[in-house]
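Residue numbers start at 1 and run along the sequence shown. Every value quoted in this text rests on a predicted model; they were computed, and no experiment measured them. Scope of the values below: all heavy atoms of this structure, side chains included, with no hydrogens, waters or symmetry mates.
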Amino acid sequence: MHPPALIEGLIDILFPGCCCSCGRSVDFSDYYICSDCVSKFEVTEPGCPVCGSVLRSGECSFCDERHFYPVKHLSLFNYSGALRDAVRSLKFGGNRLIARIFGELLYGSLLQYKNEIDLVTFVPMTRQKFLKRGYNQTLLMAHELAGLAEIDLIHCLSDLGHRGKQKDMSFDRRFFNTIGRFELKKGVDLNGRRVLLIDDVFTTGATVNECARIMLEGGAKAVFSATIARSPLKKLDKY
Ligand SMILES: [Zn+2]
Ligand SMILES: [Zn+2]
């Protein structure tokens, strides 16, 4: 729930904030990123109609090489510049208010699919990671989006943890390593439901794909997925 204007005004006086990207001072209502920096978020180029990857000679190397479970995936912005600063501030800087902006942006882009979605969910994190960070940024984003869209938010997946650090792995190893990482929570009924899955950054797509697979196996009729960012794989190419 958003604080009333009077409280926001008081917070601005007591705790003046800075934009997480350019450092300029901002109001509380800007959630620690200024509108100039938000306007600099680089919108992703249209690509594969299913996964959004860049097409090469009209072909999608991502969908061609593996089964992609979501019926459609949407990544809003390239993981660079001000957007990368905002994602990092949300994930590592304790700035959970950024999730509201991301939720609003996701809502704006997904509005056209609203009637095709019954439930909103998010990529979970391990209990250990949750206790360390104090919040799950994908849950905060999904919560904002679900509230705006007036669609139920469901906590349906658990993260059982990785076998090794995903960040340092090659593309194929990441995919393999993600299998078996998530499970459906007990008592969750997805039968015949169309679920929208929210994550922060799409890199190899392994996380989104595995979560979608588990939900489809659990009876979901269809899974849509969306992330605020898409990250290039350049860093991983050397492995
Ligand atoms: Zn700024
Ligand atoms: Zn594709």
Side-chain angles (χ1 to χ4, degrees), residues 44-56 59-79 87 91 102 106 109-110 113 116-126 129 136-139 141-142 145 154-185 188 190 193-237 239:
T44 50
E45 292 278 317
C48 168
V50 177
C51 74
S53 296
V54 178
L55 297 175
R56 306 220 185 273
E59 304 277 309
C60 174
S61 59
F62 189 87
C63 290
D64 279 357
E65 284 170 20
R66 61 194 56 77
H67 187 80
F68 191 60
Y69 291 95
V71 281
K72 181 163 184 65
H73 173 82
L74 200 71
S75 288
L76 268 50
F77 305 104
N78 293 324
Y79 189 61
V87 170
K91 286 174 82 168
F102 288 170
L106 284 163
S109 298
L110 292 163
Y113 303 107
E116 296 169 48
I117 296 160
D118 303 310
L119 296 168
V120 175
T121 196
F122 53 92
V123 172
M125 63 171 50
T126 58
K129 203 167 172 185
N136 177 354
Q137 70 281 354
T138 64
L139 161 58
M141 287 158 59
L145 162 71
I154 180 172
H155 295 230
C156 71
L157 296 164
S158 300
D159 185 350
L160 306 175
H162 281 307
R163 301 178 296 262
K165 283 238 169 172
Q166 180 103 330
K167 208 173 94 200
D168 304 321
M169 287 182 186
S170 68
F171 189 96
D172 286 336
R173 279 191 63 206
R174 268 195 181 206
F175 250 88
F176 181 72
N177 197 53
T178 307
I179 293 169
R181 179 180 149 190
F182 302 100
E183 69 175 17
L184 211 59
K185 281 184 183 283
V188 167
L190 294 179
R193 313 306 294 277
R194 299 162 303 173
V195 190
L196 168 64
L197 172 72
I198 299 296
D199 198 6
D200 44 23
V201 184
F202 184 104
T203 305
T204 62
T207 302
V208 155
N209 210 30
E210 180 62 2
C211 288
R213 186 181 74 81
I214 298 291
M215 290 193 284
L216 290 167
E217 217 175 65
K221 188 176 167 190
V223 175
F224 293 82
S225 57
T227 60
I228 196 76
R230 178 181 287 272
S231 171
L233 284 165
K234 275 182 209 149
K235 265 189 165 174
L236 291 164
D237 289 344
Y239 291 99

How long is the straight-line distance from CZ of Phe77 back to CZ of Phe102, given to the nearest 0.5 Å?
8.5 Å
Do Val87 and Tyr79 have side-chain heavy atoms sitting under 4.5 Å apart?
yes
Can you name the nearest heavy-atom pair linking Cys60 to Cys63, along with the distance?
SG-N, 3.3 Å
Between SG on residue Cys156 and NZ on residue Lys185, distance to nearest 0.5 Å:
9.0 Å
Please name the pair of heavy atoms, one in Val50 and one in Pro70, separated by the smallest distance, quoted to 0.1 Å.
CG1-O, 3.9 Å
Could you tell me whether the side chain of Val195 reaches within less than 4.5 Å of the side chain of Leu190, counting heavy atoms only?
yes
Heavy atoms only: give me the nearest Glu59-Asp64 pair and the separation to one decimal.
OE1-OD2, 3.2 Å
Can you tell me how far CG of Leu74 sits from CZ of Phe224, rounded to the nearest 0.5 angstrom?
11.0 Å
Min side-chain heavy-atom separation Leu160-Thr126 under 4.5 Å:
no
At their closest point, which heavy atom of Glu210 faces which heavy atom of Gly180, and how far apart are they?
OE2-N, 3.1 Å
Heavy-atom pair of closest approach, residues Pro124 and Ser158:
CG-C, 3.7 Å
Hey, does Arg181 have a side-chain heavy atom less than 4.5 Å from the side chain of Thr207?
yes
Is the Lys NZ or Arg CZ of Arg66 less than 6.0 Å from the centre of Phe68's six-membered ring, within 45° of the axis?
no
Exam field: side chain Ser225 to backbone Leu197, donor-acceptor pair closer than 3.5 Å
no
Review item, side-chain donor-acceptor pairs of residues 116-123, under 3.5 Å, at least two apart:
residue, atom, partner, partner atom, Å
Asp118, OD1, Arg194, NH2, 3.0
Asp118, OD2, Arg194, N, 2.7
Asp118, OD2, Arg194, NE, 3.1
Thr121, OG1, Ile154, O, 2.6

Nearest 0.5 Å please: distance from the CG atom of Asn136 over to the NZ atom of Lys91.
10.0 Å
Any chance you could lay out the side chain to side chain contact (heavy atoms under 4.5 Å, CB included) test for Tyr69 and Val223, step after step, and finish with the verdict?
CA-CA 7 Å; Tyr69 291 95; Val223 175; over 6 Å; no
Hey, are the side chains of Leu76 and Arg230 touching, using non-hydrogen atoms and a 4.5 Å cut-off?
no
Distance check, rounded to the nearest 0.5 Å: Glu183 atom CD versus Ile214 atom CD1?
8.5 Å
Examine distances only and state if a side-chain atom of Asp159 and a backbone atom of Phe182 form a donor-acceptor pair shorter than 3.5 Å.
no
Can you list the residues that meet the salt bridge (charged side-chain N to carboxylate O under 4.0 Å, His left out) rule with Lys72, with sequence neighbours excluded?
none
Ile198 side, atom CD1; Thr227 side, atom OG1 - distance, nearest 0.5 Å:
8.5 Å
Could you tell me whether the side chain of Met141 reaches within less than 4.5 Å of the side chain of Ile228, counting heavy atoms only?
yes
Pairwise side-chain contact, Met215 with Leu157, heavy-atom cut-off 4.5 Å (strictly under)
yes
Mind checking salt bridge (charged side-chain N to carboxylate O under 4.0 Å, His left out) for Glu217 and listing every partner two or more places apart, or none if nothing turns up?
Arg213
